[in-house]
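Any value given below was found using the heavy atoms of this structure, including those in side chains, with hydrogens, waters and symmetry copies removed. Throughout, numbering of the chain's residues begins at 1 and tracks the sequence.
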Amino acid sequence: MQGTESADRFRKLSDMIFKRKEKEEINVGGVIEELIEDGREEGRKEGIRAMAAAMKKLNIPIQQICEAIAEQFGMSEEQAQKYI
């Protein structure tokens, strides 16, 4: 799944660069900021998955894991469920 997410981000970034290039508006700083933000988001997702996996190994009930992830990462329990 990570490979697919990375490939999707690369395609999105490539499309953005080519569209800006056509308009002669390439802002390298903006591109770098978007790459950094993508990296942060991917790191956040990996952290959430790791937290969920660790809690599962400790035999913590799924509902409690969802509640903890939702609280820790500021999301709904439904969104948290996607990481488990």
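Nearest approach of C66 to A80, heavy atoms of both residues: O-CB, 3.6 Å.
Looking at heavy atoms from C-beta onward, I48 lies in side-chain contact with M75 at the 4.5 angstrom threshold. Put simply, the side chain of R49 reaches to within 4.5 Å of the side chain of E46, judged on heavy atoms. Proximity of D38 to E42: side-chain heavy atoms (C-beta onward) are nowhere separated by under 4.5 Å. Looking at heavy atoms from C-beta onward, M55 lies in side-chain contact with M51 at the 4.5 angstrom threshold.
Summarising the local packing, CD of E77 is surrounded by more than 12 heavy atoms from other residues, nucleotides or ligands at distances under 6.0 Å.
Summarising the geometry, atom CD belonging to Q81 is positioned 9.5 Å from atom CD1 belonging to I65; distances are rounded to the nearest 0.5 Å. Rounded to the nearest 0.5 Å, atoms CG (L58) and NZ (K56) are 12.5 Å apart.
R44 contributes a side-chain N or O that, together with a main-chain N or O of F73, makes up a donor-acceptor pair within less than 3.5 Å. With hydrogens and angles ignored, the 3.5 Å screen pairs a side-chain donor or acceptor of Q79 with a backbone N or O of S76.
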